[in-house]
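Just below is one structure, and these are the notes that go with it.
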Number of protein chains: 2
Amino acid sequence: MLARGERTGYDIAAAMRRPVSYFWTAGHSQIHPELQKLLAGGLVVYETRHGPGPQDKKVYRLTPEGSGALREWVTTPPRERPERDELVLKTYASWLADPPLLKRLFADQLALHEARLAEYEREEGLFGEPPRPGDPKFGNYATLRCGLGYERHRAEWCRWMVAQLSDSL
Amino acid sequence: MLARGERTGYDIAAAMRRPVSYFWTAGHSQIHPELQKLLAGGLVVYETRHGPGPQDKKVYRLTPEGSGALREWVTTPPRERPERDELVLKTYASWLADPPLLKRLFADQLALHEARLAEYEREEGLFGEPPRPGDPKFGNYATLRCGLGYERHRAEWCRWMVAQLSDSL
DNA sequence: ACTGGCATGTAAAGCGTTACATGATTTT
DNA sequence: AAAATCATGTAACGCTTTACATGCCAGT
């Protein structure tokens, strides 16, 4: 986020109330210590400014070293895919659950994914011309596309589950 | 896993080298303490038996209380979707990366997802008649379907990314 | 002689969440 | 008068990973 411009810890936390890139979250209690670590490592610096709040704010920005480290991090392969999905794990043991309760669980999840999908589609509409790689906005657009694909896949799977459970009742 | 039959900690760890339900992992150093907690809570019991190894093995099985707790857990709504995906986060900052390196990152990821997809499709073929809910095998089948959908969505997104990066070079 | 499978654990460190802690200004 | 926004932190707890620790037996 700092690569997109200077920000306070508060700004970052506020933006993260909705997951950055649709797939990452952090609370302010994680952000402030993390900024201190980056500062100690010389990857960011800050400037103190007065703001509407009671405390002076610390406006952080990336140093050239920070920018370089980020640049390198981007192209190092990530650890394996997120292998922790509670709903899928529950599904694994679903044969011993109460079928109507189970059906409701998946119907609720389906509604949730459909709502998110509608919201993402609205956001997609806000981009006129799709941004090209090299533009910071490309990051926003590409992650949104991932979110869209994810929600579609998820909604479809939940719909299939509901259908399976309906048949068996 | 214990709901499917009695097992030792070693058995569970061995099965978890590949994620259970395609979306959950654990190492033996997490499994053994966890079994001790379940034991203390009366959710499992074990029987000591001789095996090929040097130590006697502890064969665990669910108690009625354990089975009941699991049954309840299955239908309690999970915490929100897994919002932590390193590759997507990298994508968010991808505009400052070296384009050829970035393209390679996604090409590698694509290959990985395609390989997994092929493997899952093979596994799908091993089920003849799809199991019905109520059958323990339904858990295996339903989670496999989720894995298939996930890999398809992921592969498609990676393919799109590679295409975007090819155009811009 | 070495590798891999069987078999169970503990310890340390890192990461993440929730709760604790303070306090001014602006809006309702 | 109360609630929301701005603003920064620390502490406690829980989960996960990695490393440490042991040791027999079977196959190559």
Side-chain angles (χ1 to χ4, degrees), chain A residues 1-2 6-21 23-41 43-61 73 77-86 88-90, chain B residues 1-2 6-21 23-41 43-61 73 77-86 88-90:
Chain A
M1 295 189 73
L2 291 178
E6 51 176 43
R7 276 155 176 73
T8 65
Y10 182 85
D11 292 335
I12 295 172
M16 280 210 172
R17 272 192 228 125
R18 325 226 45 188
V20 209
S21 82
F23 290 94
W24 205 272
T25 45
H28 77 277
S29 63
Q30 199 179 353
I31 289 162
H32 289 299
E34 208 61 45
L35 284 170
Q36 288 167 31
K37 277 189 225 165
L38 292 173
L39 184 70
L43 303 179
V44 300
V45 288
Y46 71 85
E47 213 180 298
T48 305
R49 295 208 201 127
H50 298 289
Q55 298 174 47
D56 282 348
K57 50 181 173 176
K58 297 178 176 178
V59 182
Y60 288 89
R61 67 188 144 77
W73 172 80
R79 46 156 73 237
E80 278 306 290
R81 67 114 184 269
E83 4 223 354
R84 243 156 248 275
D85 189 317
E86 208 177 311
V88 187
L89 189 58
K90 280 166 194 280
Chain B
M1 296 190 72
L2 291 178
E6 53 176 42
R7 277 154 176 72
T8 65
Y10 183 85
D11 291 337
I12 295 171
M16 281 210 173
R17 270 190 231 126
R18 325 225 46 188
V20 208
S21 83
F23 291 94
W24 206 272
T25 45
H28 78 278
S29 63
Q30 199 179 352
I31 289 163
H32 289 300
E34 208 61 44
L35 284 171
Q36 288 167 30
K37 278 190 225 166
L38 292 173
L39 184 70
L43 303 178
V44 300
V45 288
Y46 71 85
E47 213 180 298
T48 305
R49 294 209 203 128
H50 298 289
Q55 299 175 48
D56 282 350
K57 49 180 174 178
K58 298 178 176 179
V59 182
Y60 288 89
R61 67 189 144 77
W73 172 81
R79 46 157 74 236
E80 278 306 289
R81 68 114 184 268
E83 5 224 352
R84 242 156 247 277
D85 189 317
E86 208 178 310
V88 187
L89 189 59
K90 281 167 193 278

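Since the model is a prediction, treat every value here as computed from it, not as a measurement. In what follows, chains carry the letters A, B, and so on, assigned in the order in which the sequence lines appear, proteins first and then strands, with residues in each chain numbered from 1.
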Measure the distance from CD on A:Q55 to P on C:dA21 and round it to the nearest whole Å.
-> 17 Å
Spacing of A:H50 atom NE2 relative to C:dG23 atom P, expressed in whole Å | 20 Å
Step-by-step side-chain contact (heavy atoms from CB on, under 4.5 Å) determination, A:R7 to A:L2 = CA-CA 6 Å; A:R7 276 155 176 73; A:L2 291 178; 3.8 Å; yes
Between A:L35 and A:V44, the two heavy atoms sitting closest are O-CG2, 4.0 Å
pair A:Y60-A:D11: side-chain heavy atoms closer than 4.5 Å = no
Given that B:E34 and A:H28 both sit by DNA chain D, which one's nearest nucleotide is further toward the 5' end?
-> A:H28
5' precedence on DNA chain C between B:P33 and B:R17 (nearest-nucleotide basis) | B:R17
Donor-acceptor pair under 3.5 Å: do we get one between B:S29's side chain and the base of D:dT18?
-> yes
Assign B:G9 to base, sugar-phosphate, or nothing according to its heavy-atom contacts below 4.0 angstrom with the strands shown.
-> sugar-phosphate
Can you check whether B:Y10 has a side-chain N or O nearer than 4.0 Å to OP1 or OP2 of C:dT8?
-> no
Donor-acceptor under 3.5 Å (A:K90 side chain, B:W73 main chain) | yes
Measure from CG on B:L89 to C1' on C:dG16 and round the result to the nearest Å.
-> 15 Å
B:R79 CZ to C:dT18 C1': how many Å, rounded?
-> 11 Å
Nearest-nucleotide comparison on DNA chain C, the residue closer to the 5′ end among B:D56 and A:K37 | B:D56
Please give, in whole Å, the distance from D:dA7 C1' to A:L35 CG?
-> 13 Å
Within the pair A:R84 and D:dT17, is there a side-chain N or O less than 4.0 Å away from OP1 or OP2?
-> yes
